[in-house]
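For reference, the structure discussed in these notes is given below.
No hydrogens, no waters, no symmetry mates; every other heavy atom, side chains included, goes into these values. Treat the numbers as computed from the prediction; the structure is a model and nothing was measured. Chain letters run A, B, ... following the sequence lines, proteins first, then strands; residues in each count from 1.
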There are 2 protein chains.
Amino acid sequence: MKLSSQAQAFVLHFGEMGSRWGFNRTVGQMFALLTIHSEPVNADQLAEALKISRGNVSMGLKELQAWRLIELHHQPGDRKDYFTAAGSIWDLARTVFEERRKRELDPTLTLLRQLLLTDPRDPQEAQAQERIQEVYSLLEMLDQFANTLSKLEHKDLIRLMKLGSGLNKLLDLKAGAKSKKTNS
Amino acid sequence: MKLSSQAQAFVLHFGEMGSRWGFNRTVGQMFALLTIHSEPVNADQLAEALKISRGNVSMGLKELQAWRLIELHHQPGDRKDYFTAAGSIWDLARTVFEERRKRELDPTLTLLRQLLLTDPRDPQEAQAQERIQEVYSLLEMLDQFANTLSKLEHKDLIRLMKLGSGLNKLLDLKAGAKSKKTNS
DNA sequence: TACAATTTTCAGAAATTTCTGAAAGTTAAG
DNA sequence: CTTAACTTTCAGAAATTTCTGAAAATTGTA
């Protein structure tokens, strides 16, 4: 498991960005390595390539499995577990997107829903609840939208992402149609 | 600066989610507090309400300013600095979105661009570069799309987010039009 | 069943991040 | 200027997160 300097740089960078993406340095590195390396890799190889302990690799793999980002394989005649990234680059990106939605939005939505159940006791509290309601509505809409995006077929997603300023036109078109319908 | 138990819960939760959003606990709490509290608040009030040191508040405010999430105000006859959240809930969400795009995507795009400049030395390296190219293309497209979304007017953004499964239809419509044009 | 290969766990160590509070810096009023 | 009010800085302390490596658990083979 020798990494080219290119691969090395890629892996180290993903390690550094890891924390902004929701996992720690070594998990980021493991993910990067499995992403550029198309052949299945076992835990010892990961530990050696990244110069980290076997225990750390084990924990990292567990986390990547929780994220649904890796797949387990077996080589005939070898008892070791081998791993690859789970699917194409696009599959991985979609999974990261979905998991982040879950982890970054859902807990907050749950809490805010609870907070909105109890009635405000005084005007001060009523005002705060109004703000909480606004935050809730926004996050709820965002969550729904993220869900909609997640469900798009690949070709539709690409189409959407490539629209650029065409998105504006498309939305205006839609708005035009609607107001026509409403007005007639 | 007494916080109702509602507000308290809201603030504490944002503190806990903070790390997933890209800032630390106290910065998350400060942001939450400024978000529900419509009146301007000064540093001492923040320190007292959140039970954190004055120095910590100062650092937190600096960071929130770097995120463009707060606004400085002055009260006549008072030399203290007062702060409010920068704009409406939607303004704040858009700013967080833009800043996160910058912080989570741009550094990676820059690095990958560099990696793709040097030619691969062997087939092994060529293969890794192919993967890097795929990652780059995806992130570049994502970055552009995020940019497009950032630039949408409020009403268009809402429209888009509310489309739900209508998004599918709209995209198919667009595809239909295009293929018609292409085929004719 | 016995055993060897492999993975997982987890207590403590190491590294990193966050926080405090006192000192230094800045600003405005008199 | 001088002084008082306020803000920022930053070294070290505290808290948290990550990592190691040895022991325990699991798994497959003979």
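Donor-acceptor pairing under 3.5 Å is recorded for the side chains of B:Ser88 and B:Asp91. A donor atom on one side chain and an acceptor atom on the other are not found under 3.5 Å apart for A:Thr110 and A:Gln114.
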Protein-nucleotides 9-15 of chain C N/O pairs under 3.5 Å:
| from | atom 1 | to | atom 2 | distance (Å) |
| --- | --- | --- | --- | --- |
| C:dT9 | OP2 | A:Lys62 | NZ | 3.2 |

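Taking atom NZ of residue A:Lys80 and atom C1' of nucleotide D:dG28, one finds them 14 Å apart after rounding to whole Å. Look at NE2 on A:His74: it is 11 Å from C1' on D:dG28, rounded to the nearest Å. Rounded to an integer number of Å, the gap from A:Met30 CE to C:dT7 C1' is 13 Å. In this structure, the CD atom of B:Gln75 is 16 Å from the P atom of C:dA28, given to the nearest Å. When rounded to the nearest whole Å, the span between CG of A:Asp78 and C1' of C:dT7 equals 13 Å. Rounded to an integer number of Å, the gap from CG of A:Leu72 to C1' of C:dT7 is 11 Å. As a whole-Å value, the separation of A:Asp44 CG from C:dA5 P is 13 Å. The distance from atom CD of B:Gln45 to atom C1' of D:dC6 is 14 Å, rounded to the nearest whole Å.
With sequence neighbours excluded, no residue forms a ring pair (Phe, Tyr, Trp, His ring centres under 6.0 Å) with A:Phe83. Scanning for ring pair (Phe, Tyr, Trp, His ring centres under 6.0 Å) contacts around B:His154 gives B:Trp90, with sequence neighbours left out.
Two residues, B:Arg79 and B:Gln65, neighbour DNA chain D, and the one matched to the more 5' nucleotide by heavy-atom proximity is B:Arg79.
Under 4.0 Å is where a charged nitrogen must lie from a carboxylate oxygen, and between A:Arg101 and A:Glu98 no such pair does. Ion pairing of B:Asp156 with B:Arg159 is present here, as a side-chain N (NZ or NE/NH1/NH2) and a carboxylate O approach within less than 4.0 Å.
Residue B:Asp81 is classed as a sugar-phosphate contact, given heavy-atom separations below 4.0 Å to backbone atoms only. Within the 4.0 angstrom heavy-atom criterion, no nucleotide atom of any strand lies near B:Asn42.
With distances taken from any side-chain atom of B:Ile52 to the nucleotides D:dC6, C:dA5, C:dT20, the minimum falls on C:dT20.
Ring planes of A:Phe14 and A:Trp21: tilted class, angle from 30 to 60°.
OP1 or OP2 of D:dT18 has not a single side-chain nitrogen or oxygen of A:Thr26 nearer than 4.0 Å.
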